[in-house]
Amino acid sequence: ARSNDPNHVFSVSSLLPGAACTASKASSNSSALSVVHRHGPCSPMHASGDAGAPSHAEILERDQARVNSIHRKVSAAGGASVIDPARASKQGVSLPAQRGISLGTGNYIVSVGLGTPAKQYAVVFDTGSDLSWVQCKPCGDCYEQQDPLFDPVQSLTYATVACGAQECQELDAQSCSSDNKCRYEVVYGDQSQTDGNLVRDTLTLSPSDKLPGFVFGCGDSNTGLFGHADGLLGLGREKVSLPSQGAPSYGPGFTYCLPSSSSGTGYLSFGGAAPANAQFTAMVTNRDTPSFYYLNLVGIKVGGRAVKIPTTVFAAAGGTVIDSGTVITRLPPRAYSALRSAFARYMGQYKRAPKLSILDTCYDFTGHKTAQIPTVELAFAGGTTMNLEFSGVLYVANVSQACLAFASTGDDTS
Amino acid sequence: IGILGNTQQKTFAVAYDVANQRIGFGAKGCS
């Protein structure tokens with residue numbers, strides 16, 4: 001779109017992502033990791049033949065599972081700890097359990113080094129959970145992953161975390177094995193789970209950026225929808241998260257950019273200055289769900305015009321969480337309904353297409369050389385606005401099925 | 001609750017300024 005143009009005009013032939021990987025770079029004065037889509041051509045899993053790439057419908061269905069999981073966690077006001085009696089009994093130790101949110105599949109991958117000498121691991125990064133983990137040797141129950149398992153014996157700087165250590169005590173729940181090792185368990189909302197020892201070792205973000213003594217989970221029993229990822233990088237707000245542990249070196253913040261298509265690359269950086277053109281809104285804390293980053297969404301514009309939504313609609317819904325792992329933005333029903341109607345008014349010249357899973361406002365651009373859609377702008381407390389890129393407005397399954405990339409949180413009374 | 005998902009975040013530099021308790025969005029952040 002041209003600057004200040006209320007429409008995105010695009011070539012229909014460019015709707016689908018390329019088959020080859022393209023690169024971009026982060027600012028040079030930060031510790032930056034390349035971010036790629038888990039199932040795109042830039043992913044190391046793609047290079048090794050990622051036969052398990054899900055369909056668009058599957059991605060969206062799993063996205064709904066993640067959202068349901070977030071809602072359950074919020075409803076439970078703090079996410080009560082859950083102990084799996086069968087597992088605890090089997091292993092002879094009462095394992096701590098922390099119910100996290102569902103992983104879904106719309107996740108992005110970064111590559112980090114662990115141990116000394118450092119070996120590289122491709123991990124999902126997630127702003128919706130805190131504990132980082134990788135699969136470790138020896139492993140009782142590990143899924144097939146991209147790289148060889150992390151082997152503590154091969155690292156000169158590896159150490160287990162003792163049960164009495166502060167890091168162990170600060171987990172939401174913790175327990176102790178018979179040899180005084182701190183055991184963790186995270187059960188995600190889709191029943192995926194990881195169990196293992198809480199350990200520490202050197203985390204390498206770049207050749208010149210190392211975090212000695214980084215605390216993470218050394219998973220020895222991991223099952224569920226992890227794909228072939230080597231593990232997970234937790235970027236939530238609690239003390240065990242990477243941003244919290246890296247705060248003494250980089251400050252407590254971080255910045256990422258997600259690429260416009262699955263064939264592009266973005267970055268995740270620590271310690272760099274915020275971009276000069278950034279507009280800020282308040283980061284809100286909810287003490288019942290302290291891992292999540294909340295902000296206040298207050299309005300929406302379509303085609304440059306404000307959609308009529310009472311501002312109380314957003315607040316009454318319980319606020320808005322920003323999440324790197326949820327694919328599709330969820331809006332309170334009244335807000336979504338108003339957005340959908342406004343968007344559809346601009347799209348009358350295009351043929352409607354069948355709904356795609358949770359996306360109910362879809363169009364068929366077959367036969368068009370170029371097309372246009374209205375811009376969509378999100379407004380946050382304090383006057384901050386996000387004028388979404390084209391890729392943030394339409395979810396393109398194919399030329400004959402491109403959908404408004406928003407959904408409703410669902411019936412509040414359900 | 002509402003959720004701001006990753007599709008809408010694409011191409012923005014999303015800055016988590018924890019020290020100042022604010023979140024920033026910079027357009028065309030990947031380039």
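Everything numeric in this text was worked out from a predicted model, so none of it was measured. Numbered from 1 within each chain, the chains take letters A, B, ... in sequence-line order.
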request  = List the steps, then state whether side-chain contact (heavy atoms from CB on, under 4.5 Å) holds for B:N6 with A:T326.
outcome  = CA-CA 6 Å; B:N6 61 40; A:T326 295; 5.9 Å; no
Verdict with supporting geometry, A:F380 and B:F25, side-chain contact (heavy atoms from CB on, under 4.5 Å) = CA-CA 11 Å; A:F380 299 95; B:F25 301 100; 3.9 Å; yes
request  = Please lay out, stage by stage, how B:L4 and A:L297 fare under the test side-chain contact (heavy atoms from CB on, under 4.5 Å).
outcome  = CA-CA 9 Å; B:L4 180 57; A:L297 177 63; over 6 Å; no
message = The test is side-chain contact (heavy atoms from CB on, under 4.5 Å); show your working for B:Q9 and A:I322 and say whether it passes.
response = CA-CA 9 Å; B:Q9 298 173 43; A:I322 180 169; 3.5 Å; yes
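Looking at A:T127, the atoms closer than 4.5 Å to chain B (heavy atoms on both sides) all sit in the side chain, from C-beta outward. Heavy atoms closer than 4.5 Å to chain B are found in the side chain of A:T384, but not in its backbone. For A:L235, no part sits under 4.5 Å from any heavy atom of chain B, backbone or side chain.
For the salt bridge (Lys or Arg N to Asp or Glu O under 4.0 Å) test, residues two or more places apart in sequence or in another chain that qualify with B:R22 are B:D17.
Within the 3.5 Å criterion, the main-chain N or O of A:V327 finds a donor-acceptor partner in the side chain of B:T7. A donor-acceptor pair under 3.5 Å is formed between the side chain of A:T329 and the backbone N or O of B:G5. With B:Q8 contributing its side chain and A:G392 its backbone, the two residues share a donor-acceptor pair below 3.5 Å. A donor-acceptor pair under 3.5 Å is absent between the side-chain atoms of A:N277 and the main chain of B:G26, judged by distance alone.
Taking chain B as the reference chain and counting heavy-atom pairs below 4.5 Å, the highest number among A:S391, A:C257, A:G318 is found for A:C257. Ranked by heavy-atom pairs under 4.5 Å with chain B, the first of A:G319, A:A276, A:P275 is A:G319. In terms of heavy-atom pairs under 4.5 Å with chain B, the best-connected choice from A:N387, A:V284, A:T285 is A:N387. Of the listed residues A:V393, A:T255, A:I328, the one with more heavy-atom pairs under 4.5 angstrom with chain B than any other is A:T255. Interface summary for chain A: among B:V18, B:I1, B:N20, the most heavy-atom pairs under 4.5 angstrom belong to B:I1. Counting heavy-atom pairs closer than 4.5 Å to chain A, the top residue among B:G2, B:A19, B:A15 is B:G2.
Residues A:L258 and B:T11 form no side-chain contact, since every pair of their non-hydrogen atoms from C-beta on lies 4.5 Å or further apart.
Closest of all the heavy-atom pairs between B:G29 and A:Y267 is O-CE2, 3.3 Å.
Residue B:I3 holds its CD1 atom at 8.0 Å from CZ of A:F292, rounded to the nearest 0.5 Å. To the nearest 0.5 Å, the span separating NZ on B:K10 from OH on A:Y108 amounts to 4.5 Å.
The aromatic rings of B:Y16 and A:Y293 sit perpendicular, their planes meeting at an angle over 60°, well past the 30° parallel limit.
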